[in-house]
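Inspection log for the structure reproduced underneath, given as structure tokens.
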Number of protein chains: 2
Amino acid sequence: MKETQLGSLLRPVRAGNAFEETVERLLQAVKLGVVPHGERLPSERDLAVHLGISRVTLREAIRSLQEAGYLDVRRGRYGGAFVIYRPPGPSGGDLAEAVNQMGAGDLADALTFRMAVECGAAQILATLTLDSAQRAMLLRRLADVNGAAPSDYRRLDTAFHLSIAELTGSPLLAAACADARLRVTDLLNAIPVLGPNIAHAAAQHQAIVSAILAGDPDGASRAVAEHLEGTAALLRGFLA
Amino acid sequence: MKETQLGSLLRPVRAGNAFEETVERLLQAVKLGVVPHGERLPSERDLAVHLGISRVTLREAIRSLQEAGYLDVRRGRYGGAFVIYRPPGPSGGDLAEAVNQMGAGDLADALTFRMAVECGAAQILATLTLDSAQRAMLLRRLADVNGAAPSDYRRLDTAFHLSIAELTGSPLLAAACADARLRVTDLLNAIPVLGPNIAHAAAQHQAIVSAILAGDPDGASRAVAEHLEGTAALLRGFLA
DNA sequence: CCTCATTGGTATTTTTTCATACCGTAGAAG
DNA sequence: CTTCTACGGTATGAAAAAATACCAATGAGG
């Protein structure tokens with residue numbers, strides 16, 4: 001076994017210090033819209049437990065997000081950390097800037113990773129026999145995206161994609177898909193939400209769901225690949 | 001977005017403390033045969049840098065592996081931490097014990113995750129245009145497995161599988177595949193290496209490589225799925 | 001208007017982890 | 001046999017993180 005594989009196994013044990021990782025995690029949860037504008041995060045005590053860190057470290061992270069203008073922290077009962085941040089509107093943000101902020105190699109890496117895990121998840125899900133509740137969940141998320149207001153579109157689009165991984169019943173796979181999506185959140189948020197694109201995406205979403213429900217793994221994987229390739233090509237085009 | 005998705009994003013920031021994670025990482029590198037019997041690990045100073053931890057913490061981890069009988073640590077120039085551990089021989093280990101040592105849910109999770117990322121990786125690789133060096137690497141790894149001595153079979157089999165992910169050029173994807181494989185190492189090591197199985201696997205390996213080189217993503221993904229499903233079914237069968 | 005549960009805010013101590021410097025050893029090279 | 005040097009071994013102080021306990025505020029409900 002060559003040196004190359006040693007790199008995969010003897011890679012860093014931790015990405016950074018607990019504080020930095022926590023800020024990153026919370027920031028992405030906010031940017032992704034997991035906790036929408038106006039809603040509050042779980043209490044510090046709960047969050048600290050879920051994130052596996054001390055309340056002190058969590059508070060430092062929350063404080064920095066507060067100072068950066070993402071959160072409004074209120075005390076007392078029924079208080080908490082409320083999300084102030086609003087993602088870029090339907091008109092999108094500065095895509096070129098967002099793309100060039102991350103390295104070309106990192107972008108390619110993230111896109112490849114996302115393609116692999118999301119295709120894999122759809123493929124797996126298509127081989128499973130879904131019960132009625134699971135089918136309902138999938139269709140519900142699809143309907144949510146199709147009926148989304150422009151300002152909610154990206155949030156519900158993300159929810160739809162993550163549902164596919166979650167329905168496989170594999171937490172590891174769900175985490176991998178969530179991670180993959182987090183790495184391109186800023187970029188996706190900068191893409192304008194335009195009518196034709198939405199219609200195109202809707203057709204592709206439908207194709208994905210149909211293939212999954214029909215038990216067609218290859219078809220599901222291919223449908224996801226086509227869907228993701230669209231935004232991937234767009235993003236790659238912005239590499240200076 | 002429902003509570004379920006909150007779980008994916010507000011999951012633990014770190015799996016455990018630095019010491020525990022380091023022990024786990026080194027242990028798996030040893031069990032996987034990345035550093036074969038008799039070879040030595042990189043020096044403490046190098047390893048600490050690569051793993052992103054302090055030398056003190058690394059030494060604690062090495063010491064516990066030494067006490068557990070996996071490593072022989074020698075000092076002085078040309079010294080180092082040498083691997084004593086030998087993986088279970090061709091006759092395999094106690095599979096039932098290994099399977100039941102990890103929970104049923106964890107096993108299903110790990111198998112699903114592995115299936116998704118390895119299928120995804122093969123699929124991606126089949127869409128890429130490989131240069132001659134990459135094709136040579138892939139064929140070389142395939143030949144290595146086919147020509148492997150029984151005692152080296154699992155190590156070279158792992159090397160072959162990880163090569164597919166590495167050749168995609170995505171470190172994230174390579175890491176995910178390595179992680180997926182690590183989670184089932186103990187189980188795979190416990191499976192006896194038998195002649196008929198090797199022949200069967202060799203045919204499947206050939207099918208995977210052929211599909212990749214032919215630029216057939218669906219075929220590559222399906223070939224990997226079939227290959228992995230074999231061991232997955234075997235392992236699931238041992239769930240008490 | 002008061003109570004009180006729930007939430008953020010603060011302080012203190014302990015544990016873990018890191019950074020740095022230095023010591024002891026062994027084995028190849030001359 | 002001596003030297004040189006790349007390795008593990010040790011010590012110490014600082015920093016990060018965690019654990020614990022307690023304080024303060026707020027607003028719904030009685």
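Proteins get letters first, then strands, A, B, ... in listed order; numbering begins at 1 in each.
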Nucleotides 9-11 of chain C: which of its N/O atoms have a protein N/O under 3.5 Å away?
| from | atom 1 | to | atom 2 | distance (Å) |
| --- | --- | --- | --- | --- |
| dG9(C) | OP2 | Arg59(A) | NH1 | 2.5 |
| dG9(C) | OP2 | Arg59(A) | NH2 | 3.4 |
| dG9(C) | N7 | Arg55(A) | NH2 | 2.7 |
| dG9(C) | O6 | Arg55(A) | NH1 | 3.0 |

What integer distance in Å separates Glu20(B):CD from dT16(C):P?
-> 10 Å

Determine all donor-acceptor pairs shorter than 3.5 Å in which one atom belongs to a side chain in residues 105-116 of chain A; sequence neighbours excluded.
| from | atom 1 | to | atom 2 | distance (Å) |
| --- | --- | --- | --- | --- |
| Asp109(A) | OD1 | Ser170(B) | OG | 2.3 |
| Asp109(A) | OD1 | Leu172(B) | N | 3.2 |
| Asp109(A) | OD2 | Leu172(B) | N | 3.4 |
| Thr112(A) | OG1 | Ala108(A) | O | 2.9 |
| Arg114(A) | NH2 | Thr231(A) | OG1 | 2.9 |

Thr185(B) side-chain N/O to Arg181(B) backbone N/O, donor-acceptor pair under 3.5 Å = yes

Has Ser43(A) got a side-chain N or O lying under 4.0 Å from the OP1 or OP2 atom of dT6(C)?
-> no

Using a heavy-atom cut-off of under 4.0 Å over every strand shown, decide if Arg63(B) touches base, sugar-phosphate, or nothing.
-> nothing

Rounded to whole Å, CG of Leu47(B) lies from C1' of dA6(D) at a distance of 15 Å

In whole angstrom, give the distance that lies between atom CG of Asp72(B) and atom P of dC7(D).
-> 16 Å

Is Ile62(A) touching bases, backbone alone, or none of the nucleic acid, heavy atoms closer than 4.0 Å?
-> nothing

Nearest whole angstrom, please: distance from the C1' of dA24(D) to the CZ of Arg74(A).
-> 17 Å

Closest-nucleotide ordering on DNA chain D, the 5'-leading residue of Gly76(A) and Arg40(B) = Arg40(B)

For residues 42-80 of chain B, the ring pair (Phe, Tyr, Trp, His ring centres under 6.0 Å) pairs (sequence neighbours left out) are Tyr70(B)-Tyr85(B)

Taking dT17(C), dA18(D), dA5(C) as options, the one with an atom nearest any side-chain atom of Arg77(A) is dA5(C)

Rounded off to whole Å, could you give me the CG-to-P distance for the Leu58(B) and dT16(C) pair?
-> 18 Å

Does Arg135(B) reach the main-chain N or O of Leu130(B) with its side chain, forming a donor-acceptor pair under 3.5 Å?
-> yes

Could you tell me the separation between the CD atom of Glu21(B) and the P atom of dA17(D), rounded to a whole number of Å?
-> 14 Å

So does Thr57(B) get a side-chain nitrogen or oxygen closer than 4.0 Å to the phosphate oxygens (OP1/OP2) of dC18(C)?
-> yes

Say whether Asp157(A) and His205(A), considering side chains only, have a donor N or O and an acceptor N or O under 3.5 Å apart.
-> yes

Rounded to the nearest angstrom, tell me the gap between atom OH in Tyr78(B) and atom C1' in dC4(D).
-> 10 Å

Heavy-atom closest pair (Val117(A) atom, Leu173(A) atom, distance to 0.1 Å) is O-CD1, 4.2 Å

dA18(D) P sits how many Å from Phe19(B) CZ, rounded?
-> 17 Å

Apply the test salt bridge (Lys or Arg N to Asp or Glu O under 4.0 Å) to residues Arg25(B) and Glu21(B): give CA-CA distance (whole Å), side-chain angles for both, the deciding distance (0.1 Å), then the verdict.
-> CA-CA 6 Å; Arg25(B) 185 70 69 75; Glu21(B) 286 187 60; 5.7 Å; no

